[in-house]
Protein chains: 2
Amino acid sequence: MGMNDKTGQHKVLLNYKVWLSSITGNGIVGETEYRLLKHIANDKSLKAASDDLGISYRKAWGDLKKAEEFLGYQLLDRQRGGKNGGNSIVTDKALKLIEAYEALQQTFDDQVEAAFIEFKNKLK
Amino acid sequence: MGMNDKTGQHKVLLNYKVWLSSITGNGIVGETEYRLLKHIANDKSLKAASDDLGISYRKAWGDLKKAEEFLGYQLLDRQRGGKNGGNSIVTDKALKLIEAYEALQQTFDDQVEAAFIEFKNKLK
DNA sequence: TCTCGTTATGAAGTGATATTCATATCGTTC
DNA sequence: GAACGATATGAATATCACTTCATAACGAGA
């Protein structure tokens, strides 16, 4: 479990991130947006989803808006007012997107483990 | 090459990052440290390397110090004073580390392209 | 022994992001 | 038709990482 002193050898993990970006490097769809969409698919609410993830509604809303603007299609079908005040439904296109993103993550996950073992061998 | 209006479909790129971290998620060795060590190996100077990369000496120094503390071994052999004011030599262990990191990146690079093509197919 | 350039390190300033706050709109339901 | 709760959005505030600044230590060479 790794030592706790300031100078010992600690357990090291391999980490990675995958995200879609514009050419200029602006992040568009990454882990945050992926998780948001997953939760919205379940909760049918952007507010509930942002609460779930512990990020501000303001940011969640802005992130998805930016993603939609960039992608050029809707990720959510929004409804204001009404029974529960409103709701947000994930569009079919967004569902496809999160499925594809999930597969991408899986591919990376599979490779990270092997690559990390290889990495550690190289250090011996 | 992607439209420029606010709502069109733009060209999307796939991005990724790989780095070593502690269990608590603190980044230890990533692209920055890798590049620093590469440049120090060449320049034999932390100052020159940080200038090369356009990052502050303060950060470069802090990053490598943190990495060394965490890993539990020296990445640099430092010398203060003397002929040119001082110098920093990359240790053998650090050389092994950057070689292994390089191989890791290469592994990912090779597979990212294929994964991205797969990703885009899934969206059709 | 004085100088010079690099390493070393705390402290203060800055800028990008995210959170908080404030307010408006909307549409079922009671 | 008044109320409730989610969406919508600008503005102010807070956070956090990085840069800048300031200052010391060091040691070969002039």
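Residue numbers begin at 1 in each chain, while the letters A, B, ... track the order of the sequences.
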From [atom1] of [X] over to [atom2] of [N], roughly how many Å is that when rounded to an integer?
X: Trp61(B); N: dC18(D); atom1: CH2; atom2: P; result: 15 Å
X: Lys59(A); N: dT9(D); atom1: NZ; atom2: P; result: 17 Å
X: Lys66(A); N: dT9(D); atom1: NZ; atom2: C1'; result: 16 Å
X: Gln74(A); N: dT7(D); atom1: CD; atom2: P; result: 14 Å
X: Gln79(A); N: dA6(D); atom1: CD; atom2: C1'; result: 11 Å
X: Asp63(B); N: dC18(D); atom1: CG; atom2: P; result: 7 Å
X: Tyr57(B); N: dA22(D); atom1: OH; atom2: P; result: 18 Å
X: Ile89(A); N: dT7(D); atom1: CD1; atom2: P; result: 10 Å

Sugar-phosphate only, base, or nothing, as touched by [X] at under 4.0 Å among non-hydrogen atoms:
X: Gly82(A); result: base
X: Arg58(A); result: base
X: Gly86(A); result: sugar-phosphate

Q) ring pair (Phe, Tyr, Trp, His ring centres under 6.0 Å) with Tyr34(B): which residues, sequence neighbours excluded? A)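 With sequence neighbours excluded, Tyr34(B) shows a ring pair (Phe, Tyr, Trp, His ring centres under 6.0 Å) to Tyr101(B), given in chain and number order.
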
Q. What pairs with Arg78(B) under side-chain hydrogen bond (donor to acceptor under 3.5 Å, both in side chains), at least two apart in sequence or on another chain?
A.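 By the side-chain hydrogen bond (donor to acceptor under 3.5 Å, both in side chains) rule, Arg78(B) matches Glu68(B).
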
(Q) For a quick test of reading the model: is some side-chain N or O of Ser88(A) closer than 4.0 Å to OP1 or OP2 of dA6(D)? (A)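 It does not, given that no N or O in the side chain of Ser88(A) lies less than 4.0 Å from OP1 or OP2 of dA6(D).
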
Q. Using a cut-off of less than 4.0 Å, is there contact between a side-chain N or O of Lys83(B) and OP1 or OP2 of dG29(D)?
A.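 Answer is no, no contact under 4.0 Å.
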
Q: Assign each of Arg78(A) and Gly85(A) to its nearest nucleotide of DNA chain D by heavy atoms, then name whichever residue's nucleotide is nearer the 5' end.
A: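 The residue closer to the strand's 5' end, by nearest nucleotide, is Gly85(A).
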
Q: Check whether NZ of the Lys or CZ of the Arg Lys93(B) lies under 6.0 Å from the centre of the six-membered ring of Tyr73(B) and within 45 degrees of that ring's axis.
A: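 Output yes; distance and angle both within limits.
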
Heavy-atom distance under 4.5 Å between the side chains of [X] and [Y], does that happen here?
X: Tyr16(B); Y: Val112(B); answer: yes
X: Leu75(B); Y: Ile40(B); answer: no
X: Thr107(B); Y: Gln111(B); answer: yes

Q. Where along residues 26-54 of chain B does a heavy atom fall under 4.0 Å from DNA chain C?
A.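 When residues 26-54 of chain B is checked for heavy atoms under 4.0 Å from DNA chain C, the hits, listed by number, are Ser45(B), Leu46(B), Lys47(B).
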
(Q) Can you list everything that forms a salt bridge (charged side-chain N to carboxylate O under 4.0 Å, His left out) with Arg35(A)? Sequence neighbours excluded, please. (A)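 Arg35(A) satisfies salt bridge (charged side-chain N to carboxylate O under 4.0 Å, His left out) with Glu31(A) once adjacent residues are dropped.
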
(Q) Could you work out, with salt bridge (charged side-chain N to carboxylate O under 4.0 Å, His left out) as the rule, every residue matching Glu99(A), not counting sequence neighbours? (A)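 Expected list: none.
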
Q) Is the backbone N or O of Gln74(A) less than 3.5 Å from a side-chain atom of Thr91(A), with the two atoms forming a donor-acceptor pair by type? A)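 Yes.
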
Q. Is it true that a side-chain atom of Lys17(B) and a backbone atom of Val18(A) form a donor plus acceptor pair closer than 3.5 Å?
A.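 No.
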
Q) On DNA chain C, nearest-nucleotide positions of Asn84(B) versus Gly81(A): which is more 5'? A)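 Result of the comparison: Asn84(B).
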
Q. Quick one: how far along DNA chain C does chain A reach, first to last nucleotide 5' to 3', anything under 4.0 Å to a heavy atom?
A.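 The protein-touched segment is dA18(C) to dT29(C).
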
